[in-house]
Amino acid sequence: MANKVTTDNARFVFLIVSVATLGGFLFGFDSGVINGTVDGLQTAFNSTSVGTGFNVASMLLGCAVGAFVAGRLSDKIGRRAVLLIAAVFFIVSAFGSGIAGDATTFVIARILGGLAVGAASVIAPAYISEVAPADKRGRLSSIQQVMIIIGLTAAFLSNYFLAEFAGGSQEQVWGGFEAWRWMFWAELLPATLFLVLLFFIPESPRFLVAKGREKEAELTLSLLLGGIDVPAKMQEIRDSLAGDHQPRLSDLVSTHTGKIRTIVWVGVGLATFQQLVGINIVFYYGAVLWQAVGFTENDALKINVLSGALSIGAVFLAIALIDRIGRKPLLLIGSVGMAIGLTIMALAFASGSLIDGELVLSDGAGLAALVAANAYVVAFNFSWGPVMWVMLGEMFPNQIRGSGLAVSGFAQWTANFLIIMSFPWLLSNVGLPITYGFYALAALISVIFVAKMVAETAGKELEAMQG
């Protein structure tokens with residue numbers, strides 16, 4: 001009977017984690033769908049290149065706010081409740097982006113999508129960490145990163161097939177609407193599925209205990225643990241929460257020192273370094289980057305596909321190892337690997353020559369840059385890609401998890417925005433060698449940061465987290 005109960009509980013946990021990670025899929029899809037719609041947006045709204053750039057980047061304005069608000073809101077109304085709100089925003093954003101008749105309406109719709117992406121980015125990993133067994137928590141939480149990449153890929157494929165079917169993104173298809181509008185509407189299917197399935201998963205037991213809903217918490221824990229040690233686990237959760245007040249933002253300040261808790265700075269550091277190494281430049285500006293150093297457009301697109309495939313393989317390797325060797329070793333290995341790859345890229349770019357205003361690399365330097373870039377992508381997705389989200393979801397004590405996620409998520413999306421917005425200027429004004437030299441330096445500093453500041457969380461119960 002015990003084995004059967006364990007199997008049933010494991011199946012239940014896997015099912016609810018699968019539902020939660022649909023938030024990651026939508027995170028990826030909503031981020032990637034914009035790539036195939038740029039020409040349609042520019043034509044439909046008669047916008048300048050600057051205006052189009054703002055239309056494309058407008059989602060990021062909502063992401064930082066969404067992450068911050070969601071972290072705090074999840075302490076008030078629950079993790080699942082916030083995911084439900086995010087699902088509704090995904091639906092409204094997908095429909096509104098496609099139906100928009102002017103740039104203002106479109107930007108509002110995309111900002112709503114950004115709020116949903118920001119919320120999903122921090123709450124889905126937190127929810128998973130609060131329902132998963134400690135010995136499997138890393139693997140289950142890492143599925144979020146896989147789903148983000150799958151969501152990106154699904155958006156690219158959906159965009160491609162719709163444009164192919166219509167004869168171009170600006171050509172009309174069903175209902176007399178252009179294909180680029182249907183690219184946004186394709187998101188309605190997974191977003192609606194996400195909304196419906198969320199009604200069939202339980203609220204986080206940690207949140208239920210914090211709100212005094214102990215009967216519900218006991219029932220949920222029995223489904224997760226099979227009734228084994230439920231009373232003891234309930235007491236552990238109670239002990240990890242402040243008895244005199246509900247979780248609040250001021251809990252991030254230590255009552256002993258009057259300063260912001262060290263664990264909060266660690267969370268902000270992890271979130272910021274994940275972006276300072278420049279990974280989104282490879283994914284957002286990949287084609288621009290490779291064309292800038294002499295590759296043809298066709299070759300550049302093929303390199304992007306290769307990078308995507310390697311990313312998925314690297315995340316699966318991380319899933320296999322994260323609960324075996326721990327989070328900290330993966331971060332250290334990844335930081336060293338990224339620092340080496342980025343340094344080689346910077347040196348390869350520095351060896352190039354300007355011909356008619358364009359940087360041209362020798363065959364050897366071009367090959368070195370290509371291999372180093374893909375090694376860098378593998379290093380990131382083997383480490384910082386999944387591990388940062390896993391750690392943010394589990395490293396904070398129960399009392400401050402929502403608030404810690406709010407601040408760290410805000411830092412992550414703010415750093416993302418700054419890196420993305422700064423790259424075109426850096427490319428034009430300081431060049432690729434210095435730009436990638438900066439990313440390499442950030443990766444090198446992250447080695448010291450992880451070694452000195454980050455504590456291992458693998459195998460620890462959430463109630464044992466210290467802050």
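Just the heavy atoms: all of them, side chains too, but no hydrogens, waters or symmetry mates, feed the values below. Please read these numbers as outputs of a predicted model, since none were measured by experiment.
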Counting only N and O atoms by type, is there a donor-acceptor contact under 3.5 Å from the side chain of D30 to the main-chain atoms of L26? no

Worked verdict on V117 versus F89 for side chain to side chain contact (heavy atoms under 4.5 Å, CB included): CA-CA 9 Å; V117 168; F89 278 19; over 6 Å; no

Among all residues two or more places apart in sequence or in another chain, which pass the side chain to side chain contact (heavy atoms under 4.5 Å, CB included) test with L198? V19, L83, L84, A87, F194, I201

T192 (side chain) donor-acceptor with L189 (main chain) under 3.5 angstrom: no

Side-chain H-bond candidate by donor/acceptor type, S121 with W389, under 3.5 Å: no

Pairwise salt bridge (charged side-chain N to carboxylate O under 4.0 Å, His left out) hits with a residue in residues 77-96, at least two apart: D75-R79, R79-E130

Heavy-atom donor-acceptor pair, S446 side chain to A443 backbone, under 3.5 Å: yes

Might you point out which heavy atoms bring V277 and Y439 nearest each other, and give the distance in Å? O-CB, 3.5 Å

Report the relative orientation of the aromatic rings in F410 and F68; use parallel for angles under 30°, tilted for 30 to 60°, perpendicular for over 60°. perpendicular

Using 0.5 Å steps for rounding, measure from the CD1 atom of I143 to the CZ atom of F25. 15.0 Å

Among Q274, M388, M391, which one satisfies side chain to side chain contact (heavy atoms under 4.5 Å, CB included) with L331? M391

Could you check whether any side-chain heavy atom of F396 comes within less than 4.5 Å of a side-chain heavy atom of R261, counting everything from C-beta outward? no

Check the angle between the aromatic planes of F449 and F273 and answer parallel, tilted or perpendicular using the 30° and 60° thresholds. tilted

Checking salt bridge (Lys or Arg N to Asp or Glu O under 4.0 Å) for the pair E394/R327: CA distance, chi angles, key distance, verdict? CA-CA 11 Å; E394 67 184 10; R327 285 64 158 151; 2.8 Å; yes

Nearest heavy-atom pair of P202 and Y127: which atoms, and what distance? O-OH, 2.7 Å

Without swapping roles, check the side chain of S129 against the backbone of A126 for a donor-acceptor pair under 3.5 Å. yes

